[in-house]
Engineer: 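Structure provided below as C-alpha cells; questions to follow.
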Amino acid sequence: MIRSDIRQDEREVARLEQFTLTVPKEAFAQGKEPELSQRSAEFATDEEAWAAVNIDPRYIILSKKFQFAPEEWPDNDQMMRTLKQKLSAGDKLTLNVFNKPAAPNTPGFGKDPELAGTADIEIAGFADTNTGMEFYNMMFVHPEIADKFRAEGFRWSI
C-alpha cells in the first residue's frame, strides 16, 4: 500500500489514502484473468495491454471502479468522495506518492505526508477485479515503478 493522489494537467483527479501497487505476472499477459472492462485504443487485445505494463513503465492498469464518475457512486460509498472525475483508458496522469506514515508513538506520527516522488503514467486499461480475490484500489504497474516506491509502501495492521 502507498499513500498517493493522481493528477491530470495539475488538477487532482483522485485522492487516495491507500493504493496497492502490484506487478502483473506472466499469467496476466497470457489471457488469464482479470479481463479488462475497458482498454486504450492503442491496444488491439487485453493481452497487448497487459504486456505493455510489463514492457513500458508509463503504462498502468487500474481497477475498473476508477472508470466511473463520482456521481455514479452511491452517496455512502468512499469512491464518491475519493474520485474528482471519471477516468478513461488512454488518460495521461501523474502519480504522486507520499512518504510512508510514521508508526504510533514515533517521531512524525500524525504529521501531514510529504511528497516522496512522482511518476508520469498512462492508463492502458481497467481490470475487472471481481475475481474472488481481494483487490483494494489496485494499480498494476511496471516493475520499475513498483521498485521506485517500494520504500514508501506499508501493510495494513489489524
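Nothing fancy with the numbering, it's 1 onward along the sequence. Small disclaimer: the values here were computed from a predicted structure and weren't measured.
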Engineer: Does the pair Q67 and S37 meet the rule for a side chain to side chain donor-acceptor pair (under 3.5 Å), with working shown?
Structural biologist: CA-CA 9 Å; Q67 73 186 74; S37 58; 2.7 Å; yes

Engineer: Is there a side-chain contact between L87 and L93, using heavy atoms and a 4.5 Å cut-off?
Structural biologist: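 Result yes, sub-4.5 Å side-chain heavy-atom pair found.
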
Engineer: Would you check, one step at a time, whether the test side-chain contact (heavy atoms from CB on, under 4.5 Å) holds for T94 with I121?
Structural biologist: CA-CA 6 Å; T94 300; I121 56 177; over 6 Å; no

Engineer: Between D46 and R39 (salt bridge meaning N to carboxylate O under 4.0 Å), is one present in this structure?
Structural biologist: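 Yes, this pair counts.
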
Engineer: Enter the distance from I145:CD1 to I60:CD1 here, rounded to the nearest 0.5 Å.
Structural biologist: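 It is 9.5 Å, given to the nearest 0.5 Å.
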
Engineer: Do M138 and F140 have side chains that approach each other closer than 4.5 Å (heavy atoms only, starting at C-beta)?
Structural biologist: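 Yes, at least one pair of side-chain atoms sits under 4.5 Å.
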
Engineer: If only atom types and distance count, is the side chain of Q38 paired as donor or acceptor with the main-chain N or O of A89 below 3.5 Å?
Structural biologist: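 Pair found, side chain donor or acceptor close to backbone of A89.
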
Engineer: Quick check: do L62 and M139 have side-chain heavy atoms less than 4.5 Å from each other?
Structural biologist: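 Side-chain contact under 4.5 Å: yes.
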
Engineer: Determine, step by step, whether L115 and F98 satisfy the side-chain contact (heavy atoms from CB on, under 4.5 Å) criterion, reporting the C-alpha distance in whole Å, the side-chain angles of both residues, the deciding distance to 0.1 Å, and the verdict.
Structural biologist: CA-CA 4 Å; L115 186 64; F98 298 97; 4.1 Å; yes

Engineer: How many angstroms lie between OG in S88 and CD1 in I123, if you round to the nearest 0.5 Å?
Structural biologist: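 If we round to the nearest 0.5 Å, S88:OG and I123:CD1 are 7.5 Å apart.
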
Engineer: Do side-chain atoms of D147 reach the backbone of E144 as a donor and acceptor pair under 3.5 angstrom?
Structural biologist: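 Judged by distance alone, no pair lies under 3.5 Å.
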
Engineer: Apply ring-ring contact (aromatic ring centres under 6.0 Å, His included) to F43 and W50, showing your working.
Structural biologist: CA-CA 9 Å; F43 307 107; W50 281 112; over 10 Å; no

Engineer: Would you mind reporting whether V141 and T22 have side-chain heavy atoms less than 4.5 Å apart?
Structural biologist: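 T22 vs V141: side chains apart.
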
Engineer: Please check: side-chain N/O of K148 versus main-chain N/O of T118, any donor-acceptor pairing under 3.5 Å?
Structural biologist: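 At least one qualifying donor-acceptor pair exists.
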
Engineer: For P24, does its backbone N or O pair with a side-chain atom of N54 as donor and acceptor, under 3.5 Å?
Structural biologist: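 Present.
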
Engineer: Can you find a pair of side-chain heavy atoms, one from R58 and one from H142, that are under 4.5 Å apart?
Structural biologist: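 When only atoms from C-beta onward are counted, H142 and R58 do not touch, as no gap falls below 4.5 Å.
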
Engineer: Got L36 and F126 here, is their nearest side-chain heavy-atom distance under 4.5 Å?
Structural biologist: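 A side-chain contact is absent here, since even the closest heavy-atom pair is not under 4.5 Å.
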
Engineer: Verify, without hydrogens or angle tests, whether T45 (side chain) and E48 (backbone) share a donor-acceptor contact under 3.5 angstrom.
Structural biologist: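 Checked: pair present.
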
